[in-house]
Asker: 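One structure, pasted below without further comment.
Just follow the structure's listing: the first ligand is 1, and inside any ligand the first atom is 1. Everything numeric in this text was worked out from a predicted model, so none of it was measured.
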Amino acid sequence: MEAATTRDGRPWSPSFLEAIDYEACIGCGRCYKVCGRGVLAPIDKPFEDDDDDEEECATMVMSIADGGACIGCEACAKVCAKKAQTHTAC
Ligand code: SF4
Ligand code: SF4
């Protein structure tokens with residue numbers, strides 16, 4: 001892949017959103033609000049399949065809906081207080 005640059009030509013290394021840890025995510029939506037690329041979408045938290053399911057309430061977590069649209073700006077990581085995201089360079 002060709003090296004990325006900023007608008008005025010300075011080197012830029014994107015760090016793309018790779019994964020979200022559903023156990024750490026509290027569904028606050030902060031990452032969703034700052035992402036201008038439509039990468040993220042809130043979903044119901046997937047539960048482990050065990051006998052206690054009936055007593056649990058649905059909780060929202062953030063998911064990667066369109067990872068291919070990510071430009072690796074890391075704005076979502078900066079606002080995540082739970083460090084629930086994993087980013088990787090290309
Ligand atoms: S790195 Fe930037 S473009 Fe990618 S999901 Fe996070 S805020 Fe959106
Ligand atoms: S900012 Fe972090 S804790 Fe909040 S919804 Fe996004 S990934 Fe989850």
Side-chain angles (χ1 to χ4, degrees):
M1 184 179 289
E2 198 171 312
T5 62
T6 64
R7 187 177 184 184
D8 66 2
R10 284 172 278 181
W12 160 248
S13 299
S15 188
F16 300 108
L17 179 59
E18 186 73 29
I20 296 175
D21 180 352
Y22 290 155
E23 295 305 314
C25 176
I26 57 172
C28 67
R30 294 174 75 182
C31 56
Y32 178 77
K33 290 176 185 169
V34 299
C35 180
R37 297 287 298 168
V39 173
L40 297 152
I43 59 168
D44 288 336
K45 182 174 182 176
F47 291 119
E48 297 289 330
D49 188 19
D50 58 37
D51 294 338
D52 297 331
D53 281 1
E54 290 177 16
E55 296 181 14
E56 295 189 72
C57 298
T59 309
M60 301 303 287
V61 292
M62 202 55 60
S63 71
I64 302 174
D66 187 7
C70 179
I71 58 172
C73 68
E74 290 189 279
C76 53
K78 284 187 168 55
V79 299
C80 182
K82 294 299 180 180
K83 308 294 183 206
Q85 304 163 13
T86 302
H87 289 247
T88 56
C90 56

Asker: Measure the SG-CD distance between C76 and Q85 for me, rounded to the nearest 0.5 Å.
Answerer: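 Output value for this atom pair is 4.0 Å.
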Asker: Do D44 and M60 make a side-chain contact, defined as non-hydrogen atoms from C-beta onward lying under 4.5 Å apart?
Answerer: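 With C-beta onward as the side chain, the pair touches.
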Asker: Report whether Y32 and I20 are members of the same hydrophobic cluster (ILVMFWY, side-chain heavy atoms less than 4.5 Å apart, transitive linking).
Answerer: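 Yes; tracing contacts between hydrophobic side chains, which count when under 4.5 Å, links both residues.
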Asker: Using side-chain contact (heavy atoms from CB on, under 4.5 Å) as the criterion, list what pairs up with S15, not counting sequence neighbours.
Answerer: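 Here the qualifying residues are E74, H87.
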Asker: Does the side chain of T86 reach to within under 4.5 Å of the side chain of D21, using non-hydrogen atoms?
Answerer: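 No, side chains not in contact.
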Asker: Are I26 and V61 connected, step by step, through hydrophobic side chains (Ile, Leu, Val, Met, Phe, Trp, Tyr) whose heavy atoms are closer than 4.5 Å?
Answerer: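 Result: no, two separate clusters.
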Asker: Of the protein's non-hydrogen atoms, which lies at the shortest distance from atom 7 (S) of ligand 2, and what is that distance?
Answerer: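 That would be Q85 NE2, 3.5 Å.
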Asker: Starting at SG of C70, measure out to CD1 of I64 and round the result to the nearest 0.5 Å.
Answerer: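 Result: 8.0 Å between the selected atoms.
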Asker: Are Y22 and I43 packed together at the side-chain level, in the sense that at least one heavy-atom pair is separated by less than 4.5 angstrom?
Answerer: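 Touching, per the 4.5 Å side-chain cut-off.
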Asker: How far does CG of D66 sit from CZ of R37, to the nearest 0.5 angstrom?
Answerer: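 Taking CG in D66 and CZ in R37, the distance rounds to 8.5 Å.
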Asker: Identify, by atom number and element, the atoms of ligand 2 in contact range of G27, meaning under 4.0 Å from any of its heavy atoms.
Answerer: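 That gives atoms 5 (S), 8 (Fe) of ligand 2.
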Asker: Relative to the heavy atoms of E74, which atoms of ligand 1 are at a distance of less than 4.0 Å?
Answerer: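 Atoms satisfying the 4.0 Å criterion: 1 (S), 2 (Fe).
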Asker: Please give me the protein atoms (N, O or S only) lying under 2.8 Å from atom 8 (Fe) of ligand 1, ordered by chain and number.
Answerer: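 Listed by chain and number, the nearby protein N, O or S atoms are C35 SG.
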Asker: Would you mind checking which non-hydrogen protein atom is closest to atom 8 (Fe) of ligand 2, with the distance to 0.1 Å?
Answerer: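 Going by distance alone, atom 8 (Fe) of ligand 2 is nearest to C25 SG, 2.4 Å.
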Asker: Do me a favour and list the nearest non-hydrogen protein atom to atom 3 (S) of ligand 2 with residue, atom name and distance?
Answerer: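 Nearest neighbour among protein heavy atoms for atom 3 (S) of ligand 2, to 0.1 Å: I26 N, 3.5 Å.
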Asker: Out of C80, G29, P42, who gets a non-hydrogen atom closest to atom 2 (Fe) of ligand 2?
Answerer: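 It is C80 that holds the nearest heavy atom.
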Asker: Suppose we measure from atom 4 (Fe) of ligand 2 to each protein heavy atom; which comes out shortest, and what is that distance?
Answerer: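 Of every protein heavy atom, C28 SG, 2.2 Å lies nearest to atom 4 (Fe) of ligand 2.
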